[in-house]
Amino acid sequence: DAKTTQPPSMDCAEGRAANLPCNHSTISGNEYVYWYRQIHSQGPQYIIHGLKNNETNEMASLIITEDRKSSTLILPHATLRDTAVYYCIASHYGQNFVFGPGTRLSVLP
Amino acid sequence: GAVVSQHPSWVICKSGTSVKIECRSLDFQATTMFWYRQFPKQSLMLMATSNEGSKATYEQGVEKDKFLINHASLTLSTLTVTSAHPEDSSFYICSARRQRGSYEQYFGPGTRLTVT
């Protein structure tokens, strides 16, 4: 499965959009991009996933570049409860998840 | 989203004893479940893949005789830490994978194990 790289930390003002980037330059054609977040001492929470097209759900939007080498998770109106570590994972059919260090997002009041 | 539960949420045991952790998918059937371990200030590390009705597949460096995994039904997998030692103290998290669609994993809330 492809390795992903993310910035170690980001800050975002409450009420603003949080844009979290992820590079997955070695992703293969049938690997999905999955996003999860983990709030301290809890299990990761599923956010969204995609293959080629942009996706949106009630939590977030996922923008995948045309060459699929990178993606951006967008939280449209960040709240304090969105403070967490965000993980981007590339995987064939949800197998063999490799969690990197992720991005620690701090939403500031 | 789908719901995965774990029991217990925390456990303290003495060195040399065994501890069993249960993982249940409450609203969908999962032929595949996964077990992860997370040490403080580190990311999750996959320990093993559990397939219903067959033997688990362990990641390199994980002792299969120490971490016994049973996946006897489509909604239940168990992890037994045998002869626990203080270095086994960690946060253990399971996940269940959807069988259809894009196969996302849903994670349990985790079990904090402390071995004294």
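Chain naming here is simple, since letters A, B, ... match the order of the sequence lines and numbering starts at 1 in each.
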- [ ] Taking ring pair (Phe, Tyr, Trp, His ring centres under 6.0 Å) as the test, write out the residues that go with F99(A), two or more places apart.
- [x]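 F99(A): ring pair (Phe, Tyr, Trp, His ring centres under 6.0 Å) contacts with Y87(A), Y36(B), F107(B).
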Interatomic distance, [X] atom [atom1] to [Y] atom [atom2] [nearest 0.5 angstrom]:
{"X": "Y103(B)", "Y": "Y34(A)", "atom1": "OH", "atom2": "OH", "result": "9.0 Å"}
{"X": "S41(A)", "Y": "Q38(B)", "atom1": "OG", "atom2": "CD", "result": "8.5 Å"}
{"X": "S95(B)", "Y": "Y46(A)", "atom1": "OG", "atom2": "OH", "result": "13.5 Å"}
{"X": "Q105(B)", "Y": "F97(A)", "atom1": "CD", "atom2": "CZ", "result": "4.0 Å"}
{"X": "E104(B)", "Y": "I48(A)", "atom1": "CD", "atom2": "CD1", "result": "11.0 Å"}

With clusters defined by side-chain heavy atoms of hydrophobic residues (ILVMFWY) lying less than 4.5 Å apart, directly or transitively, does [Y] cluster with [X]?
{"X": "I21(B)", "Y": "M47(B)", "result": "yes"}
{"X": "L105(A)", "Y": "I74(A)", "result": "no"}
{"X": "L73(A)", "Y": "L80(A)", "result": "yes"}
{"X": "I47(A)", "Y": "V107(A)", "result": "yes"}
{"X": "W35(A)", "Y": "Y106(B)", "result": "no"}

TODO: May I have the step-by-step check of side-chain contact (heavy atoms from CB on, under 4.5 Å) for F91(B) and Q42(A), ending in yes or no?
DONE: CA-CA 9 Å; F91(B) 192 49; Q42(A) 297 181 26; 5.8 Å; no
- [ ] Sort by residue number and list every member of residues 61-82 of chain B having a non-hydrogen atom under 4.5 Å from chain A.
- [x]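 Residues in range: none.
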Task: Exercise: identify the closest heavy-atom pair between S43(B) and G100(A) - done: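 The pair with the smallest heavy-atom distance is OG-O, 2.6 Å.
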Open item on the list: Minimum heavy-atom separation for I93(B) and G43(A), please, with both atom names.
Closed with: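 Closest pair (atom of I93(B), atom of G43(A), distance): CG2-CA, 4.3 Å.
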- [ ] Would you mind listing every salt bridge (charged side-chain N to carboxylate O under 4.0 Å, His left out) that reaches into residues 71-86 of chain A, with sequence neighbours excluded?
- [x] R37(A)-D82(A)
TODO: Please collect all disulfide (SG to SG under 2.5 Å) contacts where either partner lies in residues 6-64 of chain B, sequence neighbours excluded, each pair once.
DONE: C23(B)-C94(B)
Open item on the list: If we ignore hydrogens and angles and just use 3.5 Å, is the side chain of R97(B) paired with the main-chain N or O of Y93(A) as donor and acceptor?
Closed with: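 Between the backbone of Y93(A) and the side chain of R97(B) there is a qualifying donor-acceptor contact (under 3.5 Å).
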Task: Neighbour count above 12 (heavy atom, 6.0 Å) for M45(B) CE - done: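 No, because the 6.0 Å sphere around CE of M45(B) holds 12 heavy atoms or fewer from other groups.
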Open item on the list: Taking NE2 in H7(B) as the centre, count heavy atoms belonging to other residues, nucleotides or ligands within less than 6.0 Å. Is the count above 12?
Closed with: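 Result for NE2/H7(B): open.
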Task: Residue T32(B) versus chain A: region with a heavy atom under 4.5 Å - done: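 Only the side chain of T32(B) comes within 4.5 Å of chain A.
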Open item on the list: Less than 4.5 Å to any heavy atom of chain A: does that hold for the side chain of L44(B), its backbone, both, or neither?
Closed with: both
Task: Test item: L46(B) and N96(A) side chains (from C-beta on) under 4.5 Å apart, heavy atoms - done: yes
TODO: With a 4.5 angstrom heavy-atom cut-off, could you sort out which part of Q38(A) is near chain B: side chain, backbone, both or neither?
DONE: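 The side chain, not the backbone.
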